[in-house]
Number of protein chains: 2
Amino acid sequence: MDILKDKILSEGTALSESVLKVDNFLNHQIDPQLMHEIGAEFKKRFEGKGVTKILTLESSGIAPSVMAGLLMDVPVVFARKRQSLTLTDGLLTSEVYSYTKQETNQICVAHKFLEEDDTVLIIDDFLANGKAAEALIDLAEQAESNIAGIGIVIEKSFQEGGGLLRDRGHHVESLARIANLAEGKIEFVQERENSNANV
Amino acid sequence: MDILKDKILSEGTALSESVLKVDNFLNHQIDPQLMHEIGAEFKKRFEGKGVTKILTLESSGIAPSVMAGLLMDVPVVFARKRQSLTLTDGLLTSEVYSYTKQETNQICVAHKFLEEDDTVLIIDDFLANGKAAEALIDLAEQAESNIAGIGIVIEKSFQEGGGLLRDRGHHVESLARIANLAEGKIEFVQERENSNANV
């Protein structure tokens, strides 16, 4: 997705060989027009999959998900990183370790919002080691929902998550795939635009 | 805003005299079409205020904010509830006590995303005692930004926050104002539609 890659090149910062900072438009400040474009791209890439619900994780997954949900006309459910007092019964839970924050979070979703007859599109802002995506898959599997696929805004292809998910047969669509962040430079995986839409 | 009030009546639950659960469309599952309508209503109510940025708080403020940002064509910044490792320098911080969660959170925003020449619209999902809104106002004041007003999806008018903010001269627009949650019933403040747009 060229406008996303251009935005990453112009406003993203490679903080280290593994950390890409995109807080100008995705993780802290949000560019709503770009999120709308991202939502349209997810809609295109998962067209015909019969998606009935989008599942994401608070907080940075919410903006791209809600735009995709608007355009695909389906509800969005965001998994919470811990239990709140107004949500107590009927929770599905899983665990996700964050390497960035160096902590394990319980994530949970109310079972009533993920059901057997749902076809779920999982959306997240980043895919690196795959821990967050795996936990969201775990929640959808606990609910016995069908999983349409996994839509990722930025995949760090030099980390193992994308490979692991594809090896397990998941349909993963990443709108920008980073090959390398060495020496402060951002390099993308070379691919024809939308080539991974045919995987 | 009638469609919001209808949604609250049909899908909201008064859990107690002070807790309204709206996790079907706002706090956990999100209705993107409704969020788009809410964004349009905020745009209408703050038209001509010269808003350059929307400031909200993760997580439930993000969906209505990003729709308002899309329609008003301004960026959204969400304050984070604690520091993440990729955000260290140049933070503005404040504190907010959550009665629901019974804990105090540090909230922070990168100073570079809130500037002196910004005119900020603060958006949040709920207004009850006003602690979250006050902390967001504090962040905007630390940045010496101009505050255009405060847009709230659901105000619990029987709690003191709305009165306190209006007494301090803030332009507060709440799209649904709850008068009472006693005995499991949801009662709205009687007002002509949009009457508080003229306050």
Side-chain angles (χ1 to χ4, degrees), chain A residues 13 15-16 19-25 27-36 39 53-88 91 98-103 108-110 112-114, chain B residues 13 15-16 19-25 27-36 39 53-88 91 98-103 108-110 112-114:
Chain A
T13 309
L15 285 186
S16 72
V19 178
L20 175 65
K21 187 169 178 173
V22 287
D23 66 349
N24 265 42
F25 59 91
N27 291 138
H28 186 24
Q29 179 164 262
I30 299 169
D31 178 338
Q33 310 295 344
L34 179 65
M35 294 303 119
H36 193 264
K53 196 153 285 193
I54 291 169
L55 175 65
T56 190
L57 184 58
E58 63 179 354
S59 291
S60 298
I62 294 175
S65 294
V66 81
M67 290 301 180
L70 180 72
L71 296 166
M72 298 170 79
D73 199 17
V74 296
V76 173
V77 182
F78 64 91
R80 291 191 167 276
K81 279 180 185 155
R82 57 174 172 176
Q83 218 167 315
S84 98
L85 296 181
T86 53
L87 293 169
T88 49
L91 286 180
S98 165
Y99 288 93
T100 316
K101 295 186 179 171
Q102 296 177 27
E103 63 186 23
C108 62
V109 73
K112 64 179 174 175
F113 295 135
L114 269 191
Chain B
T13 310
L15 285 186
S16 73
V19 177
L20 175 65
K21 187 169 179 174
V22 288
D23 64 351
N24 266 41
F25 58 91
N27 290 139
H28 187 22
Q29 180 165 261
I30 300 169
D31 179 337
Q33 311 295 345
L34 179 65
M35 293 305 119
H36 192 263
K53 195 153 286 192
I54 292 169
L55 175 64
T56 189
L57 184 58
E58 63 179 353
S59 291
S60 297
I62 294 175
S65 295
V66 79
M67 289 302 179
L70 179 72
L71 296 166
M72 298 170 79
D73 199 17
V74 296
V76 173
V77 182
F78 63 91
R80 291 191 167 275
K81 280 180 185 155
R82 56 171 173 179
Q83 218 166 316
S84 98
L85 296 181
T86 53
L87 292 169
T88 49
L91 287 180
S98 165
Y99 288 92
T100 317
K101 295 186 179 171
Q102 296 177 28
E103 63 186 25
C108 61
V109 73
K112 65 178 174 176
F113 295 134
L114 270 191

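Each chain gets a letter, A, B and so on, in the order the sequences are listed, and its residues count up from 1.
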Nearest 0.5 Å, what's the CZ-CD1 distance between B:Phe113 and A:Ile30?
11.0 Å
Separation between CG of B:Asp23 and CZ of A:Phe78, rounded to the nearest 0.5 Å:
9.5 Å
Separation between OG (B:Ser60) and CZ (A:Arg80), nearest 0.5 Å, reads 4.5 Å
How long is the straight-line distance from NZ of A:Lys112 back to CD of B:Gln29, given to the nearest 0.5 Å?
8.5 Å
Identify the heavy atoms of A:Ser59 and B:Glu58 that sit nearest to each other, and give their distance.
OG-OE1, 2.6 Å
Between the main-chain N or O of B:Ala110 and the side-chain N or O of A:His28, is there a donor-acceptor pair closer than 3.5 Å?
yes
Side-chain donor-acceptor pairs of residues 62-77 of chain B under 3.5 Å, sequence neighbours excluded:
from	atom 1	to	atom 2	distance (Å)
B:Ser65	OG	B:Thr56	OG1	3.4
B:Ser65	OG	B:Gly61	O	2.7
B:Asp73	OD1	A:Gln33	NE2	2.8

